[in-house]
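Take a look at the structure below.
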Amino acid sequence: MKIYNTLTQQKEEFVPIEPGKVRMYVCGLTTYDYAHIGHARMLVAFDVVVRYLRAAGYQVTYVRNITDIDDKIIKRAKENGEPFDVLTERFITFTHEDEAALGIVRPDIEPRATGYIGEIIAMTQTLIGNGSAYAADNGDVYFSVPGFANYARLSRKNPDELLSGARIEVDESKHDARDFALWKAAKAGEPGWPSPWGFGRPGWHIECSAMSTTCLGHTFDIHGGGTDLMFPHHDNEIAQSEAATGNTFVNLWMHNGPVRVNDEKMSKSLNNFFTIREVLQKYPAEVVRYFLVASHYRSFINYSEETLQIGYDALERFYHALKGLDTNAVVPAADSVYEQRFHAAMHDDFNTPEAIGVLFELVREINRLRNTDAAQATGLAALLRKLGSVLGLLQANAEEFLRKGGAVDAALVESLIAQRNAARAAKNWAEADRTRDQLKALSVVVEDKNGVTSWRIER
RNA sequence: GGCUGGAUGGCAGAGUGGCCAUGCAGUGGACUGCAACUCCACGUACGCCGGUUCGAUUCCGACUCCAGCCUCCA
């Protein structure tokens with residue numbers, strides 16, 4: 001299996017540290033607001049990675065953290081006039097609901113920064129002890145960047161140019177402008193924990209180093225996150241982790257691309273984001289998920305009504321193929337060329353668009369066979385569901401999907417269909433068409449196939 | 001300015017040194033009472049300029065444009 005490694009800028013044959021096992025850490029959310037589609041992209045991208053690694057036979061330990069203490073949380077809690085942990089608790093619940101709706105597999109461990117204060121303090125002490133960090137006179141503790149060789153090698157930034165960069169905030173307490181906080185002293189009224197350096201809280205980057213190495217060991221296989229975290233967050237994680245443990249931190253770095261709106265990145269700071277739950281008001285969760293896996297995880301994707309509609313159309317085609325074929329208790333067709341090609345695509349750095357292309361060819365084969373060889377068609381339909389599950393798709397009941405969860409009165413629809421079929425039997429076409437128009441007024445489309453009339457909701 | 005990545009047919013989106021992505025939309029045909037669904041067939045493409053090559057959308061170089069990061073961000 002080949003996976004693109006940001007560290008080397010190329011696809012590499014994936015070789016886990018322990019044969020058959022994968023230890024993987026992904027930077028999760030800071031929980032002070034609703035999760036948006038950009039977060040959904042990260043969640044789905046690594047969800048597919050985990051699903052596929054497991055489908056490929058690996059035993060995966062998936063860790064995805066929650067940042068439940070930081071400056072933005074403190075600020076928002078203050079604005080709301082509530083304790084910070086009440087705020088984060090609420091949004092952790094909301095985020096879990098959104099994840100469940102999108103069918104995201106739960107991580108094996110979901111550490112929270114506030115649950116690892118002891119480990120964070122211990123790591124910070126280690127860094128001070130070996131000269132990699134220092135306690136400043138303002139109560140903060142900083143990591144000393146100049147002492148770390150190959151700083152920012154992940155983002156390939158030149159350390160000297162970083163120093164001259166105009167955007168670095170000058171802080172008198174820092175020995176070097178590039179140094180970053182491991183521990184921040186609490187100002188009056190701010191939450192915190194006791195530490196050797198006084199009452200305070202962790203800096204942003206140290207929590208991920210402490211949580212990942214505690215849960216997965218000093219060196220682990222895969223670390224993931226959004227491409228916007230590459231610098232400074234991931235580079236700082238590397239610096240402090242390797243300075244603390246003396247070991248290589250991570251073998252393989254994966255970064256998912258951003259979601260754009262009108263050619264601009266969707267982000268909190270630009271305030272152009274769509275929350276997951278507002279999008280789920282307009283589209284079924286599976287459509288949102290399809291939209292997110294229909295492009296490669298490393299490319300940027302553009303959020304628009306049109307691209308979501310395309311996803312809807314695509315899923316309708318899949319479910320039309322699945323409709324009427326009972327795949328329960330059916331053994332999926334084995335050794336098919338479709339399955340082989342699907343895996344070949346996924347083996348190549350999780351190429352989901354190509355894998356989906358194969359799935360569409362499978363759909364055509366199912367439709368070709370369904371009237372001539374139902375058994376074979378059903379076996380392929382079962383295969384379609386099996387492969388779809390790797391992407392977290394195509395697990396719904398086909399009729400229900402096509403009926404959009406039943407927003408209309410099914411009994412009324414059935415009775416109108418009975419009326420129409422009576423008229424058709426009597427060859428009263430005018431009456432039959434009139435009834436169909438009534439159905440159409442309810443957004444119901446009828447399909448006569450092999451003497452059976454079925455229906456769906458048109459969008 | 002530095003570092004990354006991108007530019008593919010009406011739209012979305014893969015990929016490849018010479019032949020097919022795939023989906024939606026479009027056109028023609030089959031099926032249908034008519035439709036819908038489905039099937040068959042068809043069309044339109046690789047930003048621009050050079051180079052390498054028998055042959056380049058694919059490799060190399062320049063150029064143009066776009067985006068991400070360099071400040072909190074998935």
Side-chain angles (χ1 to χ4, degrees), chain A residues 6 9 26-30 33 35-46 64 70-72 75 152 154-158 160-162 164-169 204 224-233 235 255-260 263-270 273 290-291 294-296 298-302 304 306-318 320-321 323-324 341 345 348 351-361 363-364 366-371 402 423-424 427-430 432-433 436 440 444-450 453-456 458:
Chain A
T6 309
Q9 295 179 296
V26 171
C27 288
L29 306 191
T30 302
D33 204 348
H36 59 62
I37 293 296
H39 298 121
R41 160 100 119 150
M42 173 276 290
L43 293 166
V44 169
F46 292 104
R64 192 186 61 226
D70 92 322
D71 293 357
K72 296 188 296 299
K75 180 166 178 271
L154 184 63
S155 61
R156 281 153 211 283
K157 298 197 184 302
N158 182 329
D160 296 333
E161 284 170 358
L162 283 171
S164 59
R167 294 172 110 175
I168 292 220
E169 200 179 321
W204 174 35
T227 185
D228 49 354
L229 294 183
M230 213 159 87
F231 188 89
H233 185 56
D235 269 315
H255 291 95
N256 64 276
V259 177
R260 284 198 216 163
D263 286 331
E264 264 190 334
K265 193 182 96 160
M266 180 184 294
S267 78
K268 289 284 174 72
S269 47
L270 292 169
F273 58 90
Y290 182 91
F291 159 69
S295 297
H296 187 84
R298 281 192 281 121
S299 65
F300 63 80
I301 49 176
N302 198 44
S304 71
E306 196 180 0
T307 43
L308 268 294
Q309 284 300 335
I310 285 173
Y312 217 145
D313 290 334
L315 283 177
E316 290 201 331
R317 179 164 166 78
F318 279 120
H320 266 297
K323 193 174 84 168
R341 287 171 55 206
D348 183 13
N351 193 335
T352 52
E354 189 167 320
I356 288 172
V358 174
L359 259 29
F360 276 115
E361 292 181 49
V363 162
R364 196 173 342 159
I366 291 167
N367 286 331
R368 267 196 290 252
L369 287 168
R370 64 189 311 142
N371 292 327
L402 295 169
R424 289 172 70 216
K427 296 196 188 301
N428 185 350
W429 309 128
D433 288 346
R436 186 166 60 199
K440 189 163 183 163
V444 171
V445 180
V446 293
E447 294 169 5
D448 305 322
K449 202 169 209 172
N450 301 332
T453 300
S454 62
W455 60 277
R456 66 187 163 93
E458 185 160 55

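Just so it is clear: chains get the letters A, B, ... in the order the sequence lines come, proteins before strands, and each one is counted from 1.
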Assess whether one donor atom and one acceptor atom, taken from the side chain of A:K449 and the base of B:C37, lie less than 3.5 Å apart.
yes
Is the closest basic N to carboxylate O distance between A:D228 and A:K265 below 4.0 Å?
yes
Taken to the nearest whole Å, CZ/A:F360 to P/B:C39 is 12 Å
Side chains of A:K72 and A:T30: is there a donor and an acceptor less than 3.5 Å apart?
no
Whole-Å distance, A:K427 NZ to B:C34 C1', equals 13 Å
When rounded to whole Å, the CG to C1' distance for the pair A:L229 and B:C70 reads 14 Å
For this session: Determine the interatomic distance between P on B:C59 and the same-named atom on B:G15; round to the nearest Å.
Result: 12 Å
A:D433 CG to B:U32 C1', in whole Å, measures 12 Å
Flag side-chain contact, heavy atom, 4.5 Å: A:R64 against A:F46: no
Q) Does any N or O donor sit under 3.5 Å from an N or O acceptor when you compare the side chain of A:K157 with the base of B:C69? A) yes
Taking every heavy atom of A:G257 against every heavy atom of A:T227, the minimum-distance pair comes out as CA-CG2, 4.3 Å
Does any N or O donor sit under 3.5 Å from an N or O acceptor when you compare the side chain of A:R456 with the base of B:A36? no
Whole-Å distance, A:E161 CD to B:U4 C1', equals 14 Å
When we call it a touch if two heavy atoms are under 4.0 Å apart, what does A:N367 touch: a base, just sugar-phosphate, or nothing? sugar-phosphate
Euclidean distance for P, B:C37 against B:G23 (whole angstrom) = 15 Å
In whole angstroms, the gap separating P of B:U22 from CZ of A:F318 amounts to 13 Å
